[in-house]
Amino acid sequence: MTKPPGKLLPLVAALLCGAVLAQAATPSKHSTTSAKPATQPSSHGLLSTSTTSKRGTSSSAKPSPPPAKPPAPKPPVDDWNLTSHGKVLYLTFDDGPQHEWTPRVLQVLRKHHAQATFFVIGIQVAQFPELVTAERAAGHHVGNHTYDHKTLTHLPDAKIRQEVGQGIKSKCLRPPEGATNDKVHAIAAAYHQREVLWDVDTEDWEKPGVAHIEHAIMSGARPGAIILMHDGGGNRSQTVAALDSALTKLTKLGYTYRSLPC
């Protein structure tokens with residue numbers, strides 16, 4: 001074989017070396033089609049991938065806590081559309097506060113997680129102001145049942161104003177015996193008090209027996225019903241026992257108990 005001239009040897013070596021380097025620098029067809037750049041996220045979960053990478057860029061960043069569950073909406077303070085809140089009953093107690101029975105009624109209400117409204121007499125409040133404080137502290141509302149429990153429809157105008165005006169301050173007035181007329185209504189309105197009667201009279205003031213009082217509560221229960229009972233005016237042991245038994249049953253039926261917007 002004839003040897004190439006000596007001056008061609010360096011040129012041939014340079015060409016061969018260049019070809020080898022070019023071949024090594026060119027990626028193969030297989031590697032180009034199968035691999036993806038490490039910085040390119042896939043099309044699935046793009047937002048979550050991006051968010052995760054942002055959280056990971058700072059060692060001081062902490063994951064955000066889950067959003068707090070919003071509290072259940074409560075009815076406005078002056079919402080008198082009582083039938084619009086589902087299976088809600090409005091328990092009311094008249095003629096207190098009384099040193100023995102009011103605390104026992106409060107105890108039963110606390111046991112059943114029930115809110116109520118106490119229509120109090122002014123002269124009783126003067127004797128036991130701490131019981132009114134306890135009622136309010138427990139979340140119950142307090143209404144005006146006049147100062148001295150007089151039948152308002154039997155009184156002259158000035159005396160009606162005195163009975164209403166000297167009673168406890170409230171947005172609500174329950175006239176004794178439920179006795180009212182246009183004159184009483186107008187005087188109550190002048191004191192910015194709404195007259196509140198009831199839907200269910202348990203007749204517990206007659207002490208008819210625990211079973212009778214409980215039956216009255218149960219049979220009268222319906223969404224938005226205002227139920228009349230007493231914590232004052234005499235021995236209320238029957239009322240306390242009937243209340244405890246009825247609330248046990250009514251709660252199982254899905255009822256809850258709220259104060260009136262007084």
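This chain uses plain numbering: 1 for the first residue, then up along the sequence.
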Rounded distance (nearest 0.5 Å) linking atom OG1 of T146 with atom NZ of K159: 9.5 Å
F118 and F93 aromatic ring geometry - parallel, tilted or perpendicular at 30°/60° bounds: parallel
W205 CH2: over 12 foreign heavy atoms closer than 6.0 Å: no
Side chain proximity check, Q115 to L109, heavy atoms < 4.5 angstrom: no
Spacing of CD belonging to E206 relative to NE2 belonging to H230, to within rounding of 0.5 Å: 10.5 Å
With D199 via salt bridge (Lys or Arg N to Asp or Glu O under 4.0 Å) - residues at least two apart: none
Expected output: side-chain T83 to main-chain G224 donor-acceptor under 3.5 Å: no
Check: H141 and P261 side chains under 4.5 Å, non-hydrogen atoms: no
Apart from V184 itself, residues in the same hydrophobic cluster as defined by side-chain heavy atoms under 4.5 Å: L152, L155, I160, V164, L173, I187, Y191
Whether R174 side chain and F119 backbone form a donor-acceptor pair below 3.5 Å: no
Separation of H140 NE2 from R258 CZ (nearest 0.5 Å): 15.0 Å
Cluster overlap L91 with L228, hydrophobic side-chain contacts below 4.5 Å: no
Short N-O contact, D244 and K111, less than 4.0 angstrom: yes
Side-chain donor-acceptor pair present, N181, T153, cut-off under 3.5 Å: no
Lys/Arg-Asp/Glu bridge criterion (N-O < 4.0 Å) met for E214, K249: yes
Sidechain-backbone polar pair: S170 side chain, V142 backbone, donor-acceptor under 3.5 Å: yes
Spatial distance of atom CG (L250) from atom CG (L243) [nearest 0.5 Å]: 9.5 Å
Test item: side-chain donor near acceptor, H212 and D204, under 3.5 Å: no
Working for side-chain contact (heavy atoms from CB on, under 4.5 Å), residues H149 and D95: CA-CA 8 Å; H149 204 266; D95 298 350; 3.2 Å; yes
Cut-off 3.5 Å, no hydrogens considered: what does the side-chain donor-acceptor table look like for residues 120-138, sequence neighbours left out?
from	atom 1	to	atom 2	distance (Å)
Q124	NE2	P97	O	2.9
T133	OG1	P129	O	3.3

Straight-line distance of Q193 CD to H185 NE2, nearest 0.5 Å: 12.5 Å
Audit row: D79, H85, side chain to side chain donor-acceptor pair (under 3.5 Å) steps and yes/no: CA-CA 10 Å; D79 181 7; H85 305 300; 2.8 Å; yes
Heavy atoms from other residues, nucleotides or ligands near NE2 of H215 exceed 12 (cutoff 6.0 Å): no
Linked, directly or transitively: V88 and M229 (ILVMFWY side chains, under 4.5 Å): no
Minimum-distance pair of heavy atoms, taken over all atoms of W101 and D231: CB-O, 3.4 Å
Residue Y255 excluded, over 12 heavy atoms near OH under 6.0 Å: yes
Donor-acceptor under 3.5 Å (S84 side chain, N81 main chain): yes
Joint hydrophobic cluster, L197 plus I227, side-chain heavy atoms closer than 4.5 Å: no
Nearest non-hydrogen partners of A188 and E195, listed with the distance: CB-CG, 4.1 Å
4.5 Å side-chain heavy-atom contact, D148 and Q162: no
ILVMFWY network linking V200 to Y257, side-chain heavy atoms under 4.5 angstrom: yes
Side-chain (R104) to main-chain (E100) donor-acceptor, under 3.5 angstrom: no
Hydrophobic cluster identity match, L247 and Y90, side-chain contacts under 4.5 Å: no
Stepwise side-chain contact (heavy atoms from CB on, under 4.5 Å) check, I226 with L82: CA-CA 9 Å; I226 299 174; L82 303 183; 3.8 Å; yes
